[in-house]
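Below you'll find the structure, written out as structure tokens, and then a few comments.
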There are 2 protein chains.
Amino acid sequence: MMENVDKYELIMSSSRKLIEEIGFSALTMDKVAQKAGIAKGTVYLYFKDKNELMEKVLSLGFKRMFERIKGKVEKEKGGIEKLKTLISENLNYIYENRYFFKTIFLDEVNIVFLKKKSKESLNLRRKRYTNFIGEIIKSEMQSGRFRGDLDPLKVGYMLASLIKTNAIYNFINDKYELTEGMIKKDSEDIFNLLIHGIIRPHT
Amino acid sequence: MMENVDKYELIMSSSRKLIEEIGFSALTMDKVAQKAGIAKGTVYLYFKDKNELMEKVLSLGFKRMFERIKGKVEKEKGGIEKLKTLISENLNYIYENRYFFKTIFLDEVNIVFLKKKSKESLNLRRKRYTNFIGEIIKSEMQSGRFRGDLDPLKVGYMLASLIKTNAIYNFINDKYELTEGMIKKDSEDIFNLLIHGIIRPHT
DNA sequence: TTGCATAATGACTTTAAAGTCATTATAATA
DNA sequence: TATTATAATGACTTTAAAGTCATTATGCAA
């Protein structure tokens with residue numbers, strides 16, 4: 001099946017542009033074809049179905065990101081330098097491809113199929129929670145117990161994210177039934193990470 | 001419009017159970033009605049449309065979580081204690097409602113509409129990246145520069161999450177055009193948070 | 001116990017998007 | 001240029017799920 005690489009690339013890039021412009025929920029095969037300036041049937045000559053097309057577009061996006069970061073990081077020597085590079089390269093990549101990752105990050109399924117108004121109402125709820133956390137952190141900063149060089153709201157947001165991520169990590173590893181002790185350990189880990197970071201305290 | 005509260009609650013709880021069992025992508029109004037043991041038309045007597053039903057179910061879930069955490073946290077005195085309580089209460093709530101949050105957390109739109117095989121392939125890609133980060137952290141732990149009491153893979157996962165969250169935070173605040181300096185600042189903030197935490201170093 | 005209002009039903013209609021395929025266009029070869 | 005193979009087309013078919021509404025059931029007040 002001698003594929004016309006140019007048209008394959010055209011469909012891929014058109015899909016990617018559409019994802020950036022309208023997100024996943026509004027993306028249809030008709031729109032992909034229209035964006036690429038070809039007939040819908042042609043899309044199906046290069047991709048088995050919508051699922052395959054979306055998978056290829058997403059895979060490519062992550063593959064490129066990973067390869068670039070990996071390349072840069074492996075040039076660094078120490079672990080600390082590696083981590084620094086990893087973080088800044090990852091952020092750089094995200095912002096270079098900002099509209100793609102905006103969709104990836106924000107179009108979570110729990111809100112993507114909802115109407116604009118409902119989305120806003122849920123986002124407001126999330127914001128209220130992170131503000132709540134942010135206020136606690138802010139007051140600790142003002143009293144001098146926490147470093148004052150960070151945006152307290154952002155730190156609040158990150159703490160919420162750490163909590164969520166901890167749970168995701170367990171779920172992904174098929175840990176659904178946690179004992180009280182395991183939850184306690186996780187809580188302490190998150191707390192210590194947030195407060196003291198991961199560096200070894202010199203005693 | 002004297003609503004029959006019992007039936008309203010019945011539809012809400014049936015929807016919630018369905019979300020836990022099959023996720024958002026497979027949830028249909030027919031299934032909701034079937035689960036509740038009523039006719040589909042009845043569902044539309046209590047909820048304007050599917051969007052409204054989903055919004056109400058999600059809102060209730062988050063509202064309950066927020067209220068419980070808030071109640072517990074406000075009983076604590078210091079910021080440190082508040083944060084400790086917040087984290088453990090949040091985790092407790094998540095695990096008490098584990099199948100609900102599993103769907104909320106894992107059914108991200110970027111994979112939810114994909115078939116199982118595609119999901120697995122994308123999850124593998126994510127795993128490869130977090131493993132990559134985890135290995136760096138692990139070697140630092142082994143050499144004694146990082147504390148050794150944490151699961152390096154989980155820390156890697158959390159770092160990936162911090163990076164992602166940082167970007168989301170900016171996007172949510174309509175910051176899409178970041179200067180090089182802003183990205184640098186963000187990178188440093190994440191790095192410092194991860195390494196040193198948020199406590200003020202005593203000089 | 002009858003009549004009226006409210007609630008519930010589920011077969012049916014609508015909608016929207018995926019996916020197909022007979023037909024047409026293009027390009028390569030003889 | 002004629003012949004054939006390959007690529008492209010878009011009107012049409014299928015699918016699936018949302019949403020509707022004429023009909024039926026239920027419960028309550030007179």
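As the structure is a prediction and not an experimental result, all values here were calculated from the model. Proteins get letters first, then strands, A, B, ... in listed order; numbering begins at 1 in each.
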So [Y] and [X], do their side chains get closer than 4.5 Å, heavy atoms only?
X       : Y       : value
B/Leu27 : B/Lys50 : yes
B/Lys7  : B/Ile38 : yes
A/Tyr8  : A/Lys56 : yes

Tell me whether the OP1 or OP2 atom of [N] has a side-chain N or O from [X] closer than 4.0 Å.
X       : N      : value
B/Lys7  : C/dA7  : no
A/Tyr44 : D/dT9  : no
A/Lys40 : D/dG10 : no
B/Tyr46 : C/dA8  : yes

Among the candidates [options], find the nucleotide nearest to the side-chain atoms of [X].
X       : options               : result
A/Leu45 : D/dT9, C/dG19, D/dA18 : D/dT9
B/Ala39 : D/dG19, D/dA7, C/dT9  : C/dT9
A/Ile38 : D/dT9, C/dA18, C/dT9  : D/dT9

Sugar-phosphate only, base, or nothing, as touched by A/Thr42 at under 4.0 Å among non-hydrogen atoms: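 Counting heavy atoms under 4.0 Å across all strands, the contact made by A/Thr42 includes a base.
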
Find the distance [X]:[atom1] to [N]:[atom2] and express it as a whole number of Å.
X       : N      : atom1 : atom2 : value
B/Lys48 : D/dT20 : NZ    : C1'   : 15 Å
A/Leu10 : D/dA7  : CG    : P     : 16 Å
B/Asp49 : D/dA18 : CG    : P     : 11 Å
A/Leu53 : C/dG19 : CG    : P     : 10 Å
B/Gln34 : C/dG10 : CD    : C1'   : 13 Å
B/Tyr8  : C/dA8  : OH    : C1'   : 19 Å
A/Lys50 : D/dT15 : NZ    : P     : 18 Å
B/Phe47 : D/dG19 : CZ    : P     : 14 Å

Nearest non-hydrogen partners of B/Thr42 and B/Ile11, listed with the distance: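 Closest approach of B/Thr42 to B/Ile11: O-CD1, 4.4 Å.
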
5' precedence on DNA chain C between A/Gly41 and A/Leu27 (nearest-nucleotide basis):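 It is A/Leu27, whose closest nucleotide lies nearer the 5' terminus.
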
Residue whose nearest DNA chain C nucleotide is more 5′ - A/Met29 or B/Val43: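 Final value for this comparison: B/Val43.
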
Check ion pair B/Arg98-B/Glu20 (N to O, under 4.0 angstrom):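 No salt bridge links B/Arg98 with B/Glu20.
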
